[in-house]
Structure formats: C-alpha cells, structure tokens
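This report concerns only the one structure given below.
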Amino acid sequence: MLTQKISKKRRAYITVMRTLMLISALATAALVLFLVIYVFAKGLPNITWELLSTKPSYLQNRIGILPDILNTVYIVLATLLIVIPLGVGAAIYLTEYASNKKVVGIIEYAAETLSGIPSIIYGLVGMLFFCQFLNMKTSLLAGALTLVIMNLPTVMRTTQESLKTVPQSYREGAFGLGAGKWRVIRTVVLPGCVDGVITGCILSVGRILGESAALLFTAGFAHALNGVIEGLTSPGATLTVALYVYAKEQGEFGVSFSIAAILMILTILINLSATLVSRYFNKRRKL
Amino acid sequence: MSNIMTAENLCLWYGNTQALKSVNIEIPEKSITALIGPSGCGKSTFLKTLNRMNDLIPGVKITGDVSYNGTNIFDPSVDVNELRRDVGMVFQKPNPFPMSIYDNIAYGPRTHGIKNKAKLDDIVEKALRDAAIWDEVKDRLKKNALGLSGGQQQRLCIARALAVKPKVLLMDEPTSALDPISTSRIEELALQLKDEYTIIIVTHNMQQSVRISDNTAFFLLGELVEWGNTERLFSQPNDKRTEDYITGRFG
Amino acid sequence: MNKKKLLENVIHGVFLILGLITVGCVLLITVYLVISGIPAIREIGLFKFLFGKKWESSAAEPSFGILPFILTSIYGTAGAIVIGVPIGFFTAVYLAKMAPKRIKAVMEAAVSLLAGIPSVVYGLVGMLILVPGIRKLFKIPDGASLLAAIIVLAIMILPSIIKVSITALEAVPKEYEEASLSLGATPVETYFKVSVPAAKSGIATAVVLGVGRAIGEAMAVMMVSGNVPNMPSLFGSVRFLTTAVAGEMSYSSGLQQQALFSIALVLFLFIMLINATLNFFLKRDKEK
C-alpha cells in the first residue's frame with residue numbers, strides 16, 4: 001500500500017508546476033544577468049577620463065558628461081537637504097504628537113497617494129507650480145523641489161518605522177525626569193531614528209538618480225558647467241535625463257550606454273549599501 | 001489485538017543533539033496510546049516521526065526502524081505522501097485553512113483525486129459527523145472556517161484528517177489551546193473514534209491520559225522510560241522515574 | 001515657566017505643519033490638475049475629448065481625441081500584466097518556498113537591482129535590442145510598437161510583483177502548510193493549493209501595484225513605442241497617455257498645451273482608481 005506511488009495525474013501536476021517555477025526563476029535571473037552584462041559591455045569601454053571631466057563642445061566635436069554628473073550631485077544634495085527635515089518632522093508628528101486617529105489616517109493616506117502618482121504628473125505639476133507660478137523658471141532647484149514631494153513619503157515612512165522601534169520606556173523614563181516634550185524628542189526620539197533617516201536617504205538617492213520624467217520639464221536638459229549656486233538656479237540635465245536626450249534626440253548611443261553603465265554601477269552600490277545598513281542596524285538593535 | 005505500528009531502536013538527532021534514544025514501542029490497533037512526559041522529553045518528536053513530518057526539518061538524522069502494517073516507513077520505496085494519508089495528524093493549535101468549512105474537509109480527498117461532487121458531499125458529511133461537529137456547521141458549510149470557535153476549529157481539523165480515511169490518527173496536544181468544555185468534547189470524540197481508528201495522543205495532562213488512553217508511554221530526556229497499560233502504569237509504575245513524574249515530583 | 005509652555009506649543013505647531021505637508025502636496029497636485037485640465041475639456045467637449053479617435057494637435061484644424069491614448073495605455077498595461085504576472089508569480093513561489101537559501105539571497109539581490117535600474121536604461125536597451133528584434137522577427141517596417149512597449153513594461157513590473165508576492169507568501173502561517181502535508185499532499189501541491197490561496201490578497205496587491213507602475217511609466221515607453229497617435233495595434237506605432245503628455249509638452253502652447261493637462265488629469269483619475277483598489281486590498285488584509 002505504502003509503496004504505491006501517487007497517481008500519474010498528480011505527478012504530472014507537480015512536474016508542470018515545478019517546471020513553470022524553474023523556467024520563470026531562470027528567466028528572471030537570465031534577464032538581470034543579460035541587462036547587466038549588455039549595459040557594461042556596451043558602456044564601460046567608452047568611459048574615458050575625457051568623457052567624465054569635460055563638458056560637451058560642438059567646436060571640438062566632443063561629448064563630456066561632467067556637467068551632468070555635477071547637476072546630479074547638486075540635485076541629490078538639494079533634494080535631501082530639504083526632504084529630510086520635512087520627512088522626519090512629519091514622521092515625528094505622526095508618532096509623537098498626533099493623538100487624533102483621523103488626522104493620522106488622512107496623513108498616511110496622503111502619503112500613500114503620493115507614492116502612487118506617476119512621475120510624469122509630478123513633472124507637470126512641478127512645472128506649473130515651481131517653474132511658472134513661483135517663477136523659478138526651468139532650474140535644478142525647481143527639479144529638486146519636485147523630487148522633494150516625490151520622496152517625502154519614502155523618508156516619512158522609513159523614519160516612522162524606526163521611531164516605532166524606540167521603546168516606549170525610554171520616553172517614559174525621560175518624561176519621568178521632568179523633561180518637556182521637545183527635550184524628550186531631541187534627546188531620546190531623534191537619536192533613535194537615525195537608521196530610518198539613513199535608509200530613507202539611500203532609497204531617495206536611488207529614486208533621484210533614476211528619475212527622468214519628473215525632471216524633463218522642471219530641471220530641463222542643459223549641459224552647462226556651473227558651480228552649486230549658479231547650477232541650482234539654471235537649467236541642467238541629470239545623468240538620467242542626459243542619457244535620454246543623447247539616446248532619443250541625438251542618437252548618441254555610445255555616450256548613452258556609458259551613462260547607463262555608470263547608473264548601473266551606482267544602482268548596485270545603492271542596493272548594496274541599503275542591505276549593509278539594514279544588516280548593521282538590525283544587529284545593533286539585537287544587542 | 002495486533003500491532004499497527006512498531007518502533008525498534010529508533011534514534012533521532014537534530015544536528016548534534018540526540019532527541020530520541022533508542023525507542024522501542026508497539027502500538028496496538030484500534031486503541032488510544034497516550035505519550036506523556038515533561039516538555040522537551042521527545043514525545044512530540046516521536047509522534048512526528050511516525051508520519052515523517054520531521055523530514056521537513058533540516059539537519060534531522062534518524063536511525064532504527066518504524067514499521068506500519070509490517071512495512072518500514074523509512075524504506076526508499078515508501079511514498080511519504082501515501083504514508084501521511086494513512087497516518088493522519090491533528091496539531092496542537094487548531095489550523096484550519098483560510099477557506100470554507102466544506103473546502104477544508106474536501107481538501108484531502110480532492111488532493112487524492114476525488115473530483116465527483118456527490119462523492120465529495122458524502123465524504124464531507126461523514127467526516128463532519130464522525131468528528132461530532134456536523135450539527136453545528138451543516139447550515140454554514142460555505143462559510144469561512146476561521147469564523148468557528150477554537151474548539152470547533154479543532155474538531156473541524158479532526159474531521160479534515162478523517163476525510164482522507166486514515167488508519168492512524170496522531171494528535172499533538174490537541175486540547176492544550178482549548179477551554180475545559182471544548183477539551184472534554186474532544187476527549188469524548190477520541191473515545192468514539194477508537195472503534196475505527198488507532199489514536200496516538202501527546203498530552204501534557206496526566207488526567208487526560210488516565211481518562212481516555214488504553215496504553216501510556218512515559219518519555220524522559222529522549223528516552224522511552226516505560227510503556228504499557230495505562231491503569232497499570234499509573235498504579236504500579238516499574239521505574240522510579242515514572243513514579244516520581246506521576247506523583248508530581250518533577251516536570 | 002510660561003515661556004517654556006509657549007515654546008512647547010510653538011514646536012507642536014511646527015510639527016503639525018510638517019505633518020500636514022503631505023496632505024498639502026496631494027491637494028496641490030489635485031487642484032492644479034483639475035484647474036488646468038478642465039478648460040480644454042470644456043472647450044473640446046468631454047465626449048469628443050475622451051472618445052474622439054483622432055489626435056491632430058498641431059494641424060490647421062486641430063482635433064483632440066484621446067481614445068487612442070486611453071486604449072493604448074489600457075492594452076499596454078494589460079499586456080504587461082499578462083506577461084509579467086505569471087513570470088513574477090511563479091518566480092515568487094519558487095523563491096519564497098522552494099529555493100535553497102543561497103540561491104534565494106542572490107536572486108533577491110538581482111530582483112532589487114531590477115527594481116533600481118532607471119527606466120531610461122530599460123528604454124535604451126529596448127531601443128537597441130527589442131525594436132530591431134521585433135522589426136526583423138515580424139518583418140515590419142518599424143519595430144517601435146505596442147509590443148515592444150508591452151515587453152519593456154512587463155520587465156519593469158516584475159520586481160514589484162515578485163517582491164510583494166514573496167512577502168505575502170512568507171507571511172502564510174507554517175501551520176497551514178503542515179496541515180496540508182499531513183493530509184498526504186506533496187510540497188508543490190501544498191504551495192499552490194494552500195499557501196497561494198492563503199496569500200491571495202497580498203498577491204492581488206502585487207498585481208495592482210504592477211498595474212499602477214505600468215500605466216504611469218513614461219520614459220521607457222516613449223523610447224520604444226514610436227509615439228504616433230494611432231489606435232492601438234500590437235505591431236503599430238502607438239502613443240500612451242503618459243507619452244502623449246511628455247512628447248508634446250516642450251513645444252506646445254494654447255489649447256494644445258491645455259489639452260495635454262487634460263490628458264494628465266485623465267491619467268491621474270486612472271491612478272486614483274488604482275489607488276482606491278489597492279487600499280481596498282490592503283484594508284481587507286488588515287482586517288484579517
């Protein structure tokens with residue numbers, strides 16, 4: 001009896017399902033492998049010091065992506081500088097102050113809605129509001145402010161998560177010593193959300209690096225070489241936007257792939273650091 | 001009465017820790033055997049070995065024999081799924097699937113290839129009747145099983161196990177999560193079921209063992225200290241350790 | 001003492017404002033889209049706008065019908081779901097339930113990478129591989145087509161489908177699986193007949209997220225779909241709601257630009273609908 005095998009039909013079902021799983025997983029793995037190898041093979045050989053250290057010049061028939069690199073750095077810094085205080089503040093309000101459940105519900109619903117809106121719509125509203133209504137013109141700052149709205153939910157959520165892990169007893173202890181609410185937040189709550197802020201930063205940097213649709217109409221696609229202040233007030237392409245412009249408008253696939261390879265490396269680094277950071281903080285929390 | 005299951009020199013290791021030490025026992029057909037002992041003594045491990053649920057845990061090593069109806073269950077020619085069909089299991093915490101009551105009971109028969117609606121209806125009704133829960137659920141077979149009370153859920157799980165027509169029913173502390181009234185209903189049910197099934201039950205409750213079992217086996221630190229007729233074991237234990245345990249000196 | 005209290009109140013107020021910023025942003029976006037989107041619809045007529053089959057925005061006598069964009073977005077998303085969901089679903093079941101630890105860790109990192117790659121990189125690779133590939137394979141004059149867009153979108157929604165499904169599958173209590181195995185079901189049968197049904201609302205959430213991502217994607221699609229406002233056909237050059245906005249924004253003005261805002265409003269309404277669906281699933285999950 002026991003040595004009787006399960007029916008043919010069942011064995012067929014199992015084989016089919018197993019095969020589908022293996023094929024799908026292999027397809028996914030092959031896809032990632034192919035993308036990485038293809039982009040690196042086409043992009044890495046074209047990366048030269050000249051490409052990285054100059055600006056494009058029609059006179060010398062040369063393409064350089066230094067302005068795009070700098071623009072990317074400026075816009076990342078500007079966005080983070082603005083979004084962190086806003087996001088952390090919002091998270092602190094939600095976990096420390098808000099007593100009305102309805103208000104919390106509305107804020108969380110708003111954050112969810114924001115994270116679902118496609119970036120092209122951010123670009124459009126950013127253009128209407130920052131560039132036209134606030135008269136910032138097409139500029140990196142307008143782009144950065146648009147990205148602030150896009151990344152606000154991310155920073156808020158990661159900070160909120162880390163604040164939830166600050167034990168209630170710490171707060172009670174501090175209050176017990178007669179500290180005011182603001183003092184408790186400064187001394188007990190804020191230090192506890194460092195990991196959330198760092199995670200939020202990493203995720204935001206990834207999103208900013210990859211963003212193009214929201215920046216096309218807010219930050220524009222100029223390749224001028226600028227300092228920080230000048231840069232923020234004038235239009236400029238980030239690496240991702242530059243990739244798009246070079247590929248779609250100018251047919252410069254070589255440069256596009258070089259930028260793609262650089263973006264790919266940055267993505268890998270960001271993912272790696274996100275993993276390491278979460279591992280580090282998880283370990284520390286257990287102690 | 002013949003023995004439906006026997007274990008010979010059964011040893012089991014989780015990695016480097018030995019959880020069962022050379023267990024020898026015979027389980028007579030159509031009776032209730034209770035496994036008792038302090039927690040961590042190996043009684044649950046032994047139970048799970050009988051239908052090879054331990055196979056799922058990585059790093060488990062087993063030596064010795066367990067035979068079911070004369071077949072060694074560890075023999076490579078044995079299909080573990082067929083074994084589990086004959087040797088069913090009821091778990092400590094009621095674990096109905098998040099599906100309707102009907103689908104819960106029909107899950108096993110469907111898995112084993114029964115698709116006929118009328119046949120399934122019969123099986124479901126018989127299983128629910130056998131588990132003494134038919135009258136309570138017959139009007140809401142299509143409702144989600146998670147809406148039942150804890151005690152009802154556990155009887156539903158027993159019905160689900162019965163629906164694949166097992167010969168042996170393993171019960172792993174089936175009443176430890178239940179209130180006294182639900183517990184006594186499960187105990188009554190077990191006594192009714194032994195006319196048709198062989199039941200092996202792990203219990204942390206010695207009164208329960210006395211109330212329902214024909215035979216009792218006492219485990220300590222992975223060792224089967226002694227086993228035999230329940231009345232005899234509780235009145236005249238052969239081993240000092242058994243006596244200490246049943247008189248409440250430890251555990 | 002009073003001064004301290006005042007300070008606390010001021011700080012409370014500051015945090016309240018920070019907390020409400022997200023709400024303000026949502027309102028800002030909604031208000032701007034509605035205000036700038038309504039005029040063109042009013043001028044063109046709602047019915048003519050939504051169901052007009054012809055989009056000739058810069059003709060001497062322009063016509064603004066966005067039915068081709070709406071249908072393209074719907075077909076494109078549906079196509080991406082049809083291809084992406086099965087692959088993502090089976091990969092997720094494999095990774096959550098069957099894969100050895102090592103393979104699982106590597107694959108999860110790979111999926112995260114897939115999620116992090118900028119959409120323009122997908123567009124670029126699509127332009128150079130998919131578009132010529134489709135042209136040669138199906139012997140059509142131009143490979144930039146709905147099909148190319150569908151494939152790119154299918155790839156782009158894979159990571160969210162896989163990740164969310166894995167989370168849902170891993171949250172299935174082990175007790176369900178043990179019960180199924182103890183009834184004589186094999187592991188594979190158990191995963192598909194018990195674990196998957198138990199995780200179904202999480203998997204549905206994954207699909208809805210994928211729909212949202214596919215319908216909102218602009219740049220990658222713009223690079224491979226040809227951008228001609230045709231009624232959708234698999235091998236034809238097409239324009240999506242998103243790419244309609246992006247494609248003409250830089251040089252448009254007057255009614256043409258206002259019509260683009262109206263398209264954005266339609267897209268926004270689609271997304272809100274999807275968000276509502278998503279919230280429905282999330283809430284149902286929480287109640288359980």
Side-chain angles (χ1 to χ4, degrees), chain A residues 14 17-18 20-22 24-25 27-29 31-32 35 38-39 86 89-90 92-94 97-98 106-107 110-114 116-121 124-125 128-129 149 152-153 156 180-182 206 209-210 212-213 216-217 240 243-244 247-248 253 256-257 260 263-264 267-268 270-271, chain C residues 4 7-8 11-12 15-16 18-23 25-26 28-29 32-33 36 86-87 90-91 93-95 98 107 109-114 116-121 124-125 127-128 155 158 162 186 188-189 192 212 216-219 223 242 245-246 249-250 261 264 267-268 271 274-275:
Chain A
I14 292 164
M17 286 313 198
R18 210 183 257 277
L20 284 173
M21 281 193 282
L22 286 176
S24 303
T28 308
L31 180 76
V32 180
L35 276 171
Y38 184 74
V39 168
L86 296 185
I92 287 180
Y93 177 74
L94 282 180
Y97 282 101
I106 291 173
I107 293 175
E112 262 167 52
T113 309
L114 279 185
I117 293 176
S119 47
I120 182 79
I121 286 187
L124 204 66
V125 174
L128 290 171
F129 185 70
I149 305 181
L152 194 56
M156 190 178 112
K181 186 140 199 164
W182 171 230
L209 281 178
S212 46
L216 218 45
F217 310 123
T240 315
L243 187 167
Y244 172 76
K248 192 82 194 347
F253 293 117
S256 297
F257 270 107
L263 288 172
M264 190 78 98
T267 310
I268 292 172
I270 285 168
N271 283 351
Chain C
K4 200 173 163 193
L7 179 76
E8 289 288 345
I11 288 169
H12 188 148
F15 278 115
L16 174 66
L18 289 174
L20 289 174
I21 281 184
T22 48
V23 183
C25 289
V26 173
L28 179 90
I29 292 171
Y32 257 92
L33 282 174
S36 53
I87 298 179
F90 281 109
T91 306
V93 179
Y94 174 74
L95 292 182
M98 302 206 42
M107 281 287 284
V111 171
S112 296
L113 179 61
L114 210 54
I117 295 176
S119 55
V120 287
V121 174
L124 180 66
V125 176
M127 268 172 100
L128 272 111
I155 294 170
L158 257 189
I162 295 176
T186 63
V188 172
E189 286 170 323
F192 284 96
E217 178 51 42
M219 305 311 276
M223 293 166 88
T242 48
V245 179
M249 188 51 80
S250 49
F261 296 147
L267 176 64
F268 184 67
I271 293 288
I274 292 164
N275 272 353

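Heavy-atom basis, side chains included; hydrogens, waters and symmetry copies ignored. A, B, ... follow the sequence lines: proteins, then strands. Residue 1 opens every chain.
Between Tyr94(C) and Ala25(A), the shortest heavy-atom contact is CD2-CB, 3.6 Å. Counting all heavy atoms, side chain and backbone alike, Ser24(A) lies closest to Pro86(C) at OG-O, 4.2 Å. Listed here is the closest heavy atom pair of Val121(C) and Ala260(A): CG2-CB, 4.0 Å. Taking each heavy atom of Ile271(C) and Gly116(A) in turn, the nearest pair found is CG2-O, 3.4 Å. The nearest pair of heavy atoms linking Met107(C) to Ala29(A) is SD-CB, 3.6 Å. Across all non-hydrogen atoms, the minimal contact from Ala247(A) to Met127(C) is O-CE, 3.8 Å.
Contacts between Leu243(A) and chain C at a heavy-atom distance below 4.5 Å involve the side chain alone, from C-beta outward. In this structure, chain A has heavy atoms under 4.5 Å from both the backbone and the side chain of Ala246(C). Interface remark: Ile117(C) contributes backbone and side-chain atoms alike to the contact with chain A (heavy atom separation under 4.5 Å). The contact between Phe257(A) and chain C is made by backbone and side chain atoms together, counting heavy-atom distances below 4.5 Å. For Ile268(A), the parts lying near chain C are the backbone and the side chain together; criterion is any non-hydrogen pair under 4.5 Å.
One N or O on the side chain of Glu8(C) and one on the backbone of Trp182(A) form a donor-acceptor pair closer than 3.5 Å.
Under the ring pair (Phe, Tyr, Trp, His ring centres under 6.0 Å) criterion, Phe15(C) pairs with Tyr97(A), not counting sequence neighbours.
Of the listed residues (Leu124(A), Leu263(A), Ile149(A), Leu152(A)), the one with the most heavy-atom contacts under 4.5 Å to chain C is Leu124(A). With chain A as partner, the option from Ile274(C), Leu95(C), Leu267(C) having the largest number of non-hydrogen pairs under 4.5 angstrom is Leu267(C). When each of Ser212(A), Gly206(A), Ala98(A) is scored by its heavy-atom pairs under 4.5 Å with chain C, the top score falls to Ser212(A). Most heavy-atom pairs under 4.5 Å with chain C, from the set Gly89(A), Ser256(A), Ser119(A), Ala213(A): that is Gly89(A). Among Val111(C), Val188(C), Ile162(C), the residue with the largest count of heavy-atom pairs under 4.5 Å with chain A is Val188(C).
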- Query: Would Leu114(C) and Leu35(A) count as a side-chain contact (heavy atoms from CB on, under 4.5 Å) if you check the C-alpha gap in whole Å, the side-chain angles of each, and the deciding distance to 0.1 Å?
  - Reply: CA-CA 9 Å; Leu114(C) 210 54; Leu35(A) 276 171; 3.8 Å; yes
- Message: For Val245(C) and Ile121(A): C-alpha separation, side-chain torsions, deciding distance, then whether side-chain contact (heavy atoms from CB on, under 4.5 Å) applies.
- Response: CA-CA 9 Å; Val245(C) 179; Ile121(A) 286 187; over 6 Å; no
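In this structure the side chain of Leu31(A) reaches within 4.5 angstrom of the side chain of Leu158(C), judged on heavy atoms. Using a 4.5 Å heavy-atom cutoff, the side chains of Met219(C) and Lys248(A) are not in contact. Within the 4.5 Å cutoff, side-chain heavy atoms of Phe90(C) are placed close to those of Met17(A). The side-chain heavy atoms of Asn275(C) and Glu112(A), taken from C-beta on, include no pair separated by under 4.5 Å. Counting heavy atoms from C-beta outward, Pro153(A) and Thr22(C) have side chains that stay 4.5 Å or more apart. Pro118(C) is listed as a side-chain neighbour of Thr267(A), based on a closest heavy-atom distance under 4.5 Å. Side-chain contact between Phe129(A) and Ile29(C): absent, with no pair of heavy atoms (C-beta onward) separated by less than 4.5 Å.
Distance check: Ile11(C) CD1 to Ile92(A) CD1 gives 11.0 Å after rounding to the nearest 0.5 Å. One distance of note links OG1 of Thr242(C) with CD1 of Ile120(A); it measures 7.0 Å at 0.5 Å rounding.
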